[in-house]
Engineer: 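There's a structure below that I have some questions on.
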Amino acid sequence: MSNGRALVTGGAGFLGSHLCDALLAEGYSVIAVDNLLTGRLSNLEHLRHEPRFELREADICEPLDCGKVDYVFHFASPASPVDYSTHGIATLKVGSLGTFHALEMAKKYSAKYLISSTSECYGDPLQHPQKESYWGNVNPIGPRSVYDESKRFAEAVTVAYRRYHKIDTRIARIFNTYGPRMQLNDGRVVPNFMKQALRGEDLTVYGDGKQTRSFCYVSDEIDGFIRLAKSSESGPINIGNPREFTILECAQHVLAVTGSKSRVVYQPLPVDDPKQRCPDITKARELLGWEPKIQLEEGLKLSLDYFREALGKASAA
Ligand SMILES: NC(=O)c1ccc[n+]([C@@H]2O[C@H](COP(=O)([O-])OP(=O)(O)OC[C@H]3O[C@@H](n4cnc5c(N)ncnc54)[C@H](O)[C@@H]3O)[C@@H](O)[C@H]2O)c1
């Protein structure tokens with residue numbers, strides 16, 4: 001029995017693979033499209049014998065037709081600073097060409113469409129916490145611009161297809177999410193600290209560590225996407241955990257959860273690193289009845305086995 005068919009671009013990635021799991025659990029058939037630029041087959045290994053699941057290795061920057069679908073979830077894009085810096089042009093292409101192609105699929109089959117946008121649309125925000133109505137403070141030519149502007153353009157294309165072609169679109173603005181299946185070396189705070197703590201290395205804090213971030217555990221984030229997809233809200237809607245932590249506090253939580261005796265060391269702040277990032281989730285609360293349930297310490301505990309195992313595999317290799 002299937003509730004319908006969903007396409008997930010970027011389905012072999014961190015969030016995309018969890019989304020495939022959630023859609024299958026909701027009764028959908030799922031086709032994941034991924035060119036494995038930053039994703040991994042191991043994220044989908046457990047679905048190898050699932051009859052309602054299919055993986056197509058393809059680049060969404062090329063036109064694509066995977067047959068009738070009821071939902072298109074456009075999640076393909078390098079997402080971590082390490083990945084989008086390495087693949088700057090590919091990031092701009094997947095946000096532009098890839099978004100057009102994903103929307104064309106939605107248009108052809110009158111499917112509902114949800115795009116994974118980002119808090120990076122707010123840049124280094126001058127408003128705090130960030131509401132969806134804030135237009136952002138983005139440097140269009142800085143080192144992060146390949147990602148930020150790609151996503152801002154992707155939002156503009158999405159809204160244009162809604163306006164001109166009457167496509168039923170949704171925009172999720174995703175804030176920092178963490179959990180199992182993250183890449184160990186993607187440069188984001190949680191995998192960095194977990195890796196360093198579990199290896200007994202110093203934890204590297206950039207700047208004075210007083211800059212804040214919010215951290216959303218992956219199951220909460222995915223629940224937000226599913227609620228948004230099922231709702232009639234077009235967004236943009238912030239999906240993230242509004243609880244703010246300084247980077248130093250995050251380091252301390254990681255040390256406590258891992259039981260590590262590592263020290264914290266400081267390095268200069270990268271260019272354009274936002275000083276504060278925290279979602280205002282009033283819209284998600286009121287319109288989707290959504291709010292995160294898992295706080296940082298619990299989420300880190302839930303991620304610990306994954307990071308231990310991934311580190312074991314990395315050192316064995
Ligand atoms: N993880 C977060 O905290 C976060 C925050 C904000 C936004 N997002 C957005 O969520 C989405 C998923 O992020 P993630 O953390 O899972 O990243 P990820 O790198 O783990 O996954 C992205 C996937 O997209 C695939 N991909 C990239 N270019 C492609 C192309 N041209 N054709 C087909 N597949 C392609 C990659 O191979 C990878 O599997 C991204 O769009 C990202 O911008 C994530």
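Keep in mind it's a predicted model, so treat the numbers as computed, not measured.
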Engineer: Compute whether any side-chain donor of one residue and acceptor of the other, for E221 and N241, lie under 3.5 angstrom apart.
Structural biologist: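 No, no side-chain donor-acceptor pair sits under 3.5 Å.
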Engineer: Quick one: are L248 and V264 in side-chain contact, heavy atoms under 4.5 Å?
Structural biologist: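 Of all side-chain heavy-atom pairs linking V264 with L248, at least one is under 4.5 Å.
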Engineer: Start with the C-alpha gap between F73 and F225, add the side-chain angles, then the distance that decides, and say whether ring pair (Phe, Tyr, Trp, His ring centres under 6.0 Å) holds.
Structural biologist: CA-CA 9 Å; F73 291 87; F225 303 153; 8.2 Å; no
Engineer: Indicate, with yes or no, if V189 and Y178 share a hydrophobic cluster defined by side-chain heavy-atom contacts under 4.5 Å among Ile, Leu, Val, Met, Phe, Trp and Tyr.
Structural biologist: yes
Engineer: Mind checking whether Y134 and F153 sit in one hydrophobic cluster, side chains of I, L, V, M, F, W, Y counted as touching below 4.5 Å?
Structural biologist: no
Engineer: side-chain hydrogen bond (donor to acceptor under 3.5 Å, both in side chains) between T204 and Q196: does it pass, once the steps are laid out?
Structural biologist: CA-CA 8 Å; T204 318; Q196 291 171 326; 2.8 Å; yes
Engineer: Considering the options L300, L198, L304, which one meets the side chain to side chain contact (heavy atoms under 4.5 Å, CB included) requirement together with V254?
Structural biologist: L300
Engineer: Taking all atoms of both residues into account, what is the closest heavy-atom pair of S80 and R188, and its distance?
Structural biologist: CB-NE, 3.7 Å
Engineer: Please report the C-alpha distance between D21 and H46 in whole Å, then the side-chain angles of each, then the deciding distance to 0.1 Å, and finally whether the side-chain hydrogen bond (donor to acceptor under 3.5 Å, both in side chains) criterion is met.
Structural biologist: CA-CA 10 Å; D21 290 343; H46 60 291; 2.8 Å; yes
Engineer: Assess whether atom CD of E309 is packed by more than 12 heavy atoms of other residues, nucleotides or ligands within 6.0 Å.
Structural biologist: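 Open: at most 12 neighbouring heavy atoms sit under 6.0 Å from CD of E309.
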Engineer: Between Y122 and N137, is the side-chain contact (heavy atoms from CB on, under 4.5 Å) condition met? List the steps.
Structural biologist: CA-CA 6 Å; Y122 301 120; N137 176 38; over 6 Å; no
Engineer: Do S145 and N139 come within less than 4.5 Å of each other through their side chains, counting heavy atoms only?
Structural biologist: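 Side-chain contact under 4.5 Å: no.
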Engineer: About how many Å separate CG of L126 and CH2 of W135, when rounded to the nearest 0.5 Å?
Structural biologist: 14.0 Å
Engineer: Under 3.5 Å, is there a donor on one side chain and an acceptor on the other for E104 and Y161?
Structural biologist: yes
Engineer: Do the charged groups of R173 and E132 touch, with an N to O distance under 4.0 Å?
Structural biologist: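 E132 and R173: not salt-bridged.
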Engineer: Counting only N and O atoms by type, is there a donor-acceptor contact under 3.5 Å from the side chain of Y147 to the main-chain atoms of D83?
Structural biologist: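 Judged by distance alone, no pair lies under 3.5 Å.
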Engineer: Is there a chain of hydrophobic side chains (I, L, V, M, F, W, Y, each step under 4.5 Å between heavy atoms) that links L44 to L7?
Structural biologist: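 Looking at the clustering, L7 is in a separate group from L44.
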Engineer: Quick check for you: to the nearest 0.5 Å, what is the distance between L255 atom CG and S260 atom OG?
Structural biologist: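 It comes to 5.5 Å.
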Engineer: Which pair of heavy atoms, one from V94 and one from A76, lies closest together, and at what distance?
Structural biologist: CG2-O, 3.6 Å
Engineer: Check whether any side-chain heavy atom of F14 sits under 4.5 Å from a side-chain heavy atom of T177, and report yes or no.
Structural biologist: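 Result yes, sub-4.5 Å side-chain heavy-atom pair found.
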Engineer: Same cluster or not: are Y71 and V157 linked, directly or through other Ile, Leu, Val, Met, Phe, Trp or Tyr residues, by side-chain heavy atoms under 4.5 angstrom apart?
Structural biologist: no
Engineer: On a heavy-atom basis, which atom in G240 and which in P279 lie closest, and how many Å separate them?
Structural biologist: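 Smallest interatomic distance, heavy atoms only, reads C-CG, 3.8 Å.
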Engineer: Between V138 and C121, is a side-chain contact (heavy atoms from CB on, under 4.5 Å) present by the stated rule, with each step listed?
Structural biologist: CA-CA 7 Å; V138 174; C121 286; 5.9 Å; no
Engineer: If only atom types and distance count, is the side chain of R162 paired as donor or acceptor with the main-chain N or O of T169 below 3.5 Å?
Structural biologist: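 A pair under 3.5 Å: yes.
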Engineer: Report the distance from atom CG of L311 to atom NZ of K195, rounding to the nearest 0.5 Å.
Structural biologist: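 Here the interatomic distance stands at 8.0 Å.
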Engineer: Do the side chains of K131 and D280 get close enough for a salt bridge, i.e. N-O under 4.0 angstrom?
Structural biologist: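 So K131 pairs with D280 through a salt bridge.
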Engineer: As an exercise, state the distance from OG of S17 to CG of N43, rounded to the nearest 0.5 Å.
Structural biologist: 4.0 Å
Engineer: Would you call E298 and K301 a salt bridge, taking side-chain N to carboxylate O under 4.0 Å as the test?
Structural biologist: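 No, this pair does not count.
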Engineer: Could you state the interatomic distance from NZ (K210) to OG1 (T212), rounded to the nearest 0.5 Å?
Structural biologist: 13.0 Å
Engineer: Report yes if the side chains of I239 and F175 come closer than 4.5 Å at any heavy-atom pair, otherwise no.
Structural biologist: no
Engineer: Can a donor-acceptor pair be found, under 3.5 Å and without considering hydrogens, that links the side chain of N238 to the backbone of Q130?
Structural biologist: yes
Engineer: T9 side chain to F75 main-chain N or O, any donor-acceptor pair under 3.5 Å?
Structural biologist: yes
Engineer: Kindly give the heavy-atom pair with the smallest separation between N192 and G187, and that separation in Å.
Structural biologist: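 Closest approach of N192 to G187, heavy atoms only: ND2-O, 3.6 Å.
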Engineer: Would you indicate whether the side-chain heavy atoms of Y206 and P268 approach each other to under 4.5 Å?
Structural biologist: no
Engineer: Among R152, E155, R170, find the residue that satisfies the side-chain hydrogen bond (donor to acceptor under 3.5 Å, both in side chains) test when tested with S117.
Structural biologist: E155
Engineer: Any sub-3.5 Å donor-acceptor pair from T246's side-chain atoms to E249's backbone N or O?
Structural biologist: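 At least one qualifying donor-acceptor pair exists.
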Engineer: Answer yes or no: is there a donor N or O on one side and an acceptor on the other, between the side chain of T118 and the main chain of E120, under 3.5 Å?
Structural biologist: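 Present.
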Engineer: Sub-3.5 Å donor-acceptor pair from the side chain of D70 to the main-chain atoms of R5, do we have one?
Structural biologist: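 A pair under 3.5 Å: yes.
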Engineer: List the atom pairs, with distances to 0.1 Å, where a side-chain N or O of residues 226-236 and a protein N or O form a donor-acceptor pair under 3.5 Å, not counting sequence neighbours.
Structural biologist:
from : atom 1 : to   : atom 2 : distance (Å)
R227 : NE     : D223 : OD1    : 3.3
R227 : NE     : D223 : OD2    : 3.3
R227 : NH1    : L288 : O      : 3.1
R227 : NH1    : G289 : O      : 3.0
K230 : NZ     : E26  : OE1    : 2.7
S231 : OG     : L228 : O      : 2.8
S231 : OG     : E233 : N      : 3.0

Engineer: Quick check against the 3.5 Å criterion: does H101 have a side-chain atom that pairs as donor or acceptor with the backbone of C61?
Structural biologist: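 The answer is yes, because a donor-acceptor pair under 3.5 Å joins these two groups.
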Engineer: Indicate whether the side chain of S116 and that of H74 have a donor and an acceptor atom separated by less than 3.5 Å.
Structural biologist: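 No.
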Engineer: Checking side-chain contact (heavy atoms from CB on, under 4.5 Å) for the pair L203/V265: CA distance, chi angles, key distance, verdict?
Structural biologist: CA-CA 6 Å; L203 267 58; V265 295; over 6 Å; no
Engineer: Give the minimum heavy-atom separation between V69 and A111, together with the two atoms involved.
Structural biologist: O-CB, 3.4 Å
Engineer: Find out whether E57 and L41 are in side-chain contact, i.e. whether some heavy atom of one side chain is under 4.5 Å from a heavy atom of the other.
Structural biologist: yes
Engineer: Under 3.5 Å, is there a donor-acceptor pair between the side chain of D34 and the main chain of A12?
Structural biologist: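 Checked: pair present.
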Engineer: Give a yes or no on whether a salt bridge exists between K93 and E62, defined as a side-chain N under 4.0 angstrom from a carboxylate O.
Structural biologist: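 Looking at E62 together with K93, the answer is no, because their closest N to O distance does not fall below 4.0 Å.
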Engineer: Following the transitive rule for hydrophobic clusters with a side-chain heavy-atom cut-off under 4.5 Å over Ile, Leu, Val, Met, Phe, Trp and Tyr, establish whether I247 and M182 coincide in one cluster.
Structural biologist: yes
Engineer: Can you tell if the side chain of H87 reaches within under 4.5 Å of the side chain of T38, non-hydrogen atoms only?
Structural biologist: yes
Engineer: Counting only heavy atoms from other residues, nucleotides and ligands, does the tally under 6.0 Å from CZ of R263 exceed 12?
Structural biologist: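 No, the 6.0 Å shell around CZ holds no more than 12 heavy atoms from other groups.
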Engineer: Evaluate the side-chain proximity of M105 to C66: yes if any heavy-atom separation is below 4.5 Å, no if none is.
Structural biologist: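 Heavy-atom side-chain distance check passes, below 4.5 Å.
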Engineer: Decide, yes or no, whether a salt bridge links D220 with K293 under the criterion of side-chain N to carboxylate O below 4.0 Å.
Structural biologist: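 Answer for the salt bridge query: no.
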Engineer: How many angstroms lie between atom CZ of F245 and atom CD of Q295, to the nearest 0.5 angstrom?
Structural biologist: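 Here the rounded value is 6.0 Å.
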Engineer: Return yes if some donor-acceptor pair links the side-chain N/O of R213 with the main-chain N/O of C278 below 3.5 Å, else return no.
Structural biologist: no
Engineer: Side chains of S214 and E244: is there a donor and an acceptor less than 3.5 Å apart?
Structural biologist: no
Engineer: Taking all heavy atoms of I60 and all of A102, pick out the closest pair and write down the distance.
Structural biologist: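 Nearest heavy atoms, I60 then A102: CD1-N, 4.3 Å.
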Engineer: Check D65 with K108, please: is the shortest side-chain N to carboxylate O separation under 4.0 Å?
Structural biologist: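 Here K108 pairs with D65 in a salt bridge, since their nearest N and O are under 4.0 Å apart.
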